[in-house]
Structure formats: C-alpha cells, structure tokens
Amino acid sequence: MNDGDFLSRLGVKFPIIQAPMGGVLSTPELVAAVCNAGGLGSLAAAYLKPDQILDEFRRTRALTDKPLNINLFAGGYEMKAVPDTRPMLSLLGEIHETLGLPAPVLPSLPPDPFPSQFEAVLEARPAIFSFTFGIPSPDAMKRLNQRGILAFGTATTVEEARLLEKAGVAAVVAQGAEAGAHRGTFLGSFESSMIPTLDLVRAIRLAVSVPVIASGGLMDGSDIARAFEIGASAAQLGTAFLTCPEAGTPNAYRRAILSASTDTTVITRAFSGRPARGLRNTFINKLQGKEDSILPYPLQNALTRPMRTAAAKADDASFLSLWAGQGVTRARPLPAAQLIDRLIFEMKEAGIAIK
Ligand SMILES: Cc1cc2nc3c(=O)[nH]c(=O)nc-3n(C[C@H](O)[C@H](O)[C@H](O)COP(=O)(O)O)c2cc1C
C-alpha cells in the first residue's frame, strides 16, 4: 500500500497524527482542531470511565465530522507482588504536607478497566482505535474489524511489530526511544527496547507489510521528512502538540516545556511505576537512589495522582509529571491548525510530495 492509499483508507488529508495524550491533555478542542486542519486527532481514553469516553467522543463530534482516533492501554495492568509500601507512603507524606494535602493512603485498585472501556469505544465507533502496552484479544480485534474500525498498535521493537501485524492491525506505531511519556513496551525488557525512532522505523518497515507510523522526538517537518525517506507512512507527534492553546496542558507544565533549554528529559518510573520520558523535576530528584521504593504500575500511578492534581492546581511544576520527548526544546506555541500548516510546509520544503 502506498502512502496515498493509506491516507485515503483513513479518510485523512495529511499524514500527521496528534498523539493521544492521557489525562486532560488531548482535549476535544485539540482533537477537533487537528482533524479539521486535515490531520488525525486522537482522544486519550485510558484514564476515562466508559461514560466519560462516550461524552468526550460526543463533545469532539460536535466540533468535527472528520475521522478520529480513540486510544486505550491494552495491557500492563496486572498487579505484581507489592513491595513494602511504607517507604513510598512516608516519602509522599512529606510532599503531601507541603502541598496541604491529607496523608496519602494506599488506593484499592479496581479491576483492569480495559474491557468496559473497550465496549464504550465500540459504541462510539471511531474510524480508528489505537492502543499501547499490549495487544487486545483476538475476539476484541475481530469485533473492531466487524465494525469497520481500523486498529493501530504500538511497537517499541521489531518483534512487537510482527505480533501486531499477526493480530491484524491496519498500521504499526513505531515508538522510538526519544518519545515522550510511557514506553509502550510489552514483550522484552524496557531497557532493551530503547531503539532510536529512525532505526526502529527502518527495521519495522523491513519486517512487516502494514504501514508504519513514526513516533518519538519528531517536532518539525524536516524530522518527519527523514522518517518518510526511510519508509514511514505517517508521523505521530505528542510533545509538539502539548503547547497548542487547545491542549489541556496545565500552565506550569506548558511553561516548563517552553523554557526547557537543553536535553533535560529522563526516563523515570517515579510517577507511575512504568518507565516514561519527561522533564526532570523535584519529584524525580527526590526518588533518585530510592527506586526500590517505587510501587509497580498501576499502583504507583494511582498513589501519586492526588499529588499531581494538587500540583497542577497550585501551578507548581515540581510535583507534576512533565511528560515530554527529546525534541522538547523545539516545541512551538502555535494553534493546532497553524502547527499542521507549518509541518506540511516544512515537509514540502524537505522534498516530500504532499497534495
Ligand atoms: C503527555 C503525553 C501523554 C501520552 N499519552 C499516551 C497515551 O495515552 N496513549 C498512547 O498510546 N501514547 C501516549 N503518548 C505517547 C505518544 O503516543 C507518542 O508515542 C509520543 O508522544 C511520541 O513522542 P514525542 O512526544 O516526542 O512526539 C503520550 C505522550 C505524551 C507526550
């Protein structure tokens, strides 16, 4: 399939995908603005309850009639043995005090939300469903197919991409080491799955026959052009969209991105228990050398939520998860439609033919 066929199958004008960004970041306003400008907008639904997924979808639909993507976490939720929780509770206790919060308590975790979230996605029936952290069951993949919903799966290695192709995805999102936020790794170790985006795209392109979407550290049209030259059919950008006015990025987070000077991103398990790339801040520093006290995902994620919510309210970047990719210093505070125009202009300048 050539790139033009892929785009017409999606019903999208430009090969640019705004990455799903969990929490309140990829708002209906951002998703709709991207779709209306000819890109593919993505709603991040992994942290939403089924009725919230349907509500966000309706709110987005009221702003655009273009094809859009809904994204979920399809794995990684299994609870491993929980280590001694006292060191983490005590460390968080001190931070809670400075933020004026009551002492932290270990949350009880509900069962994996994926099955009920997935039913909501089927009901919403978006053009595209993308997922990360694993692969939905064969039955789930069949149900997507029956409804004509195209599936995109995230791979951080060639082996993961091969499994995704076998499971029937319409495209593989190749998430390179430079990418912001959580690693999608679901097969090997996180450490062995840190492959630079362009190397990963090249290798996956050779290994599978479905289209490959490059993701990780891509900030401008010339970055995207380089990925296209080695066989990418589209690009999925997260960090580049975080500073759009339509994004739900808290002000302190936005300021941290726009003032990031050198390569200040790190991979950390501090906020969620799962490796993710973000800007170094006080919380990450506080946990340095205390990695053993970090609880597994999703427990650490639930436990740090009150801290992160309070920090966002207090406009304090010290205790917020500041997810960002390695291209963070090149983020531009442009409205989404202008950012897409700029990316397309730069891709054309770099020699990529776009209609
Ligand atoms: C703040 C943020 C939140 C993210 N949340 C999700 C998510 O919910 N689901 C997902 O598949 N990918 C998520 N990603 C990863 C993106 O899909 C993509 O791989 C990444 O943004 C690419 O790197 P870049 O940020 O350098 O462009 C997130 C990325 C960021 C920056």
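Counting convention: from 1, in listed order, for ligands and their atoms alike. Because the structure is predicted, anything quoted here is derived from the model rather than measured. Scope of the values below: all heavy atoms of this structure, side chains included, with no hydrogens, waters or symmetry mates.
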K.L.:
Answer with side chain, backbone, both or neither: which part of Phe73 has a heavy atom less than 4.0 angstrom from an atom of ligand 1?
P.N.:
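The answer is the side chain of Phe73.
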K.L.:
Between Glu119 and Arg143, is there a salt bridge with N-O shorter than 4.0 Å?
P.N.:
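Looking at Glu119 together with Arg143, the answer is yes, because their closest N to O distance falls below 4.0 Å.
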K.L.:
Is Leu25 touching ligand 1 with its side chain, its backbone, both, or neither, if touching means heavy atoms under 4.0 Å apart?
P.N.:
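For Leu25, the contact with ligand 1 is made by the side chain alone.
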K.L.:
Short N/O distance, under 3.5 Å, between Ala324 and ligand 1?
P.N.:
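In this structure, Ala324 places no N or O atom under 3.5 Å from an N or O of ligand 1.
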K.L.:
Taking a hydrophobic cluster as the set of Ile, Leu, Val, Met, Phe, Trp and Tyr residues connected by side-chain heavy atoms closer than 4.5 Å, whether directly or through intermediates, do Ile204 and Ile213 fall within one such cluster?
P.N.:
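Hydrophobic grouping puts Ile204 apart from Ile213.
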K.L.:
Tell me which one of Arg330, Arg332, Arg226 satisfies salt bridge (Lys or Arg N to Asp or Glu O under 4.0 Å) with Glu346.
P.N.:
Arg332
K.L.:
Hey, is Phe241 touching ligand 1 through its side chain, its backbone, both or neither, going by heavy atoms under 4.0 Å?
P.N.:
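Contact part for Phe241 vs ligand 1: neither.
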K.L.:
Return yes or no for this condition: an N or O of His182 is under 3.5 Å from an N or O of ligand 1.
P.N.:
no
K.L.:
Considering only non-hydrogen protein atoms, determine which one is nearest to atom 26 (O) of ligand 1 and report residue, atom name and distance to 0.1 Å.
P.N.:
Gly217 N, 2.8 Å
K.L.:
So, for Tyr253 and Trp323, is the gap between ring centers shorter than 6.0 Å?
P.N.:
no
K.L.:
What protein heavy atom lies closest to atom 27 (O) of ligand 1? Include the residue and the distance to one decimal.
P.N.:
Gly238 N, 2.9 Å
K.L.:
Select the closest option to atom 9 (N) of ligand 1 among Leu237, Ile213, Asn71, judged by heavy-atom distance.
P.N.:
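Looking at heavy atoms only, the winner is Asn71.
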K.L.:
Out of curiosity, is Pro20 lining ligand 1, as in a heavy atom under 4.0 Å away?
P.N.:
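Under 4.0 Å: yes for Pro20.
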K.L.:
For atom 18 (C) of ligand 1, what's the nearest protein heavy-atom neighbour? Residue, atom name and distance, please.
P.N.:
Ser215 OG, 3.2 Å
K.L.:
Report yes if the distance between the aromatic ring centroids of Phe133 and Tyr77 is under 6.0 Å, otherwise no.
P.N.:
no
K.L.:
Provide the number and element of each atom of ligand 1 under 4.0 Å from a heavy atom of Trp323.
P.N.:
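Near Trp323, the atoms of ligand 1 are 1 (C).
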K.L.:
Any heavy atom of Ala46 sitting closer than 4.0 Å to ligand 1?
P.N.:
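Under 4.0 Å: no for Ala46.
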K.L.:
With a 4.0 Å cut-off, would you call Arg162 and Glu165 a salt bridge?
P.N.:
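Result for this pair is no, no salt bridge flagged.
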K.L.:
List ligand 1 atoms under 4.0 Å from Gln175, heavy atoms only on the residue side.
P.N.:
15 (C), 19 (O)
K.L.:
Checking contacts here: is it the side chain or the backbone of Ala179 that comes within 4.0 Å of ligand 1, counting heavy atoms only? Could be both or neither.
P.N.:
both
K.L.:
Any idea which protein heavy atom is nearest atom 15 (C) of ligand 1, and the distance to it?
P.N.:
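Its nearest protein heavy-atom neighbour is Gly180 O, 3.7 Å.
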K.L.:
Any heavy-atom pair between the side chains of Thr156 and Ile195 that's under 4.5 Å?
P.N.:
no
K.L.:
Just jot down the ring-ring contact (aromatic ring centres under 6.0 Å, His included) partners of Phe114, sequence neighbours excluded, or say none.
P.N.:
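For Phe114, the residues satisfying ring-ring contact (aromatic ring centres under 6.0 Å, His included) (neighbours in sequence not counted) are Phe118.
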K.L.:
Under a 3.5 Å cutoff, is there a donor and acceptor pairing between the side chains of Arg305 and Gln300?
P.N.:
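Side chains of Arg305 and Gln300: no pair found under 3.5 Å.
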K.L.:
Polar-atom distance check: Gln236 versus ligand 1, any N or O pair below 3.5 Å?
P.N.:
yes
K.L.:
Out of all atoms in ligand 1, which are within 4.0 Å of some heavy atom of Gly325? Include the element for each.
P.N.:
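Atoms satisfying the 4.0 Å criterion: 26 (O).
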K.L.:
With a cut-off of 4.0 Å, which atoms of ligand 1 are near a heavy atom of Tyr253?
P.N.:
1 (C)
K.L.:
If you count the atoms of ligand 1 from 1 in the order shown, which ones are under 4.0 Å from a heavy atom of Thr132?
P.N.:
10 (C), 11 (O)
K.L.:
Touching ligand 1 at all, Ala240? Heavy atoms, strictly under 4.0 Å?
P.N.:
no
K.L.:
Quick one: nearest non-hydrogen protein atom to atom 16 (C) of ligand 1, plus distance?
P.N.:
Ala19 CB, 3.6 Å
K.L.:
Starting from atom 30 (C) of ligand 1, locate the nearest protein heavy atom and write down its residue, its atom name and how far away it is, to 0.1 Å.
P.N.:
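Of the protein heavy atoms, Ala181 CB, 3.4 Å lies nearest.
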K.L.:
Taking the side chain as everything from C-beta on, heavy atoms only, tell me whether Phe131 gets closer than 4.5 Å to Val169.
P.N.:
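They are in side-chain contact.
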K.L.:
Is any side-chain N of the basic residue among Asp84 and Arg86 closer than 4.0 Å to the acidic one's carboxylate O?
P.N.:
yes
K.L.:
Between Thr239 and ligand 1, which part of the residue brings a heavy atom under 4.0 Å of the ligand: side chain, backbone, both or neither?
P.N.:
both
K.L.:
Can you confirm whether Val34 sits close enough to Phe241 that some side-chain heavy atom of one is under 4.5 Å from a side-chain heavy atom of the other?
P.N.:
yes
K.L.:
Where is the tightest heavy-atom contact between Leu106 and Leu303, given as atom of each residue plus distance?
P.N.:
CA-CD1, 4.3 Å
K.L.:
Regarding Arg125 and the six-membered ring of Phe57, is the cationic atom NZ or CZ under 6.0 Å from the ring centre and inside 45° of its axis?
P.N.:
no
K.L.:
For a quick test of reading the model, state the closest non-hydrogen atom pair linking Ala45 to Gln117 and the distance between them.
P.N.:
O-NE2, 3.4 Å
K.L.:
Please classify the Met21 to ligand 1 contact at 4.0 Å (heavy-atom distances, strictly less than): side chain, backbone, both or neither.
P.N.:
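Within the 4.0 Å criterion, Met21 contacts ligand 1 through backbone and side-chain atoms alike.
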K.L.:
Please say whether Gln326 places an N or O atom under 3.5 Å from an N or O atom belonging to ligand 1.
P.N.:
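Among all N and O atoms of Gln326, none is under 3.5 Å from an N or O of ligand 1.
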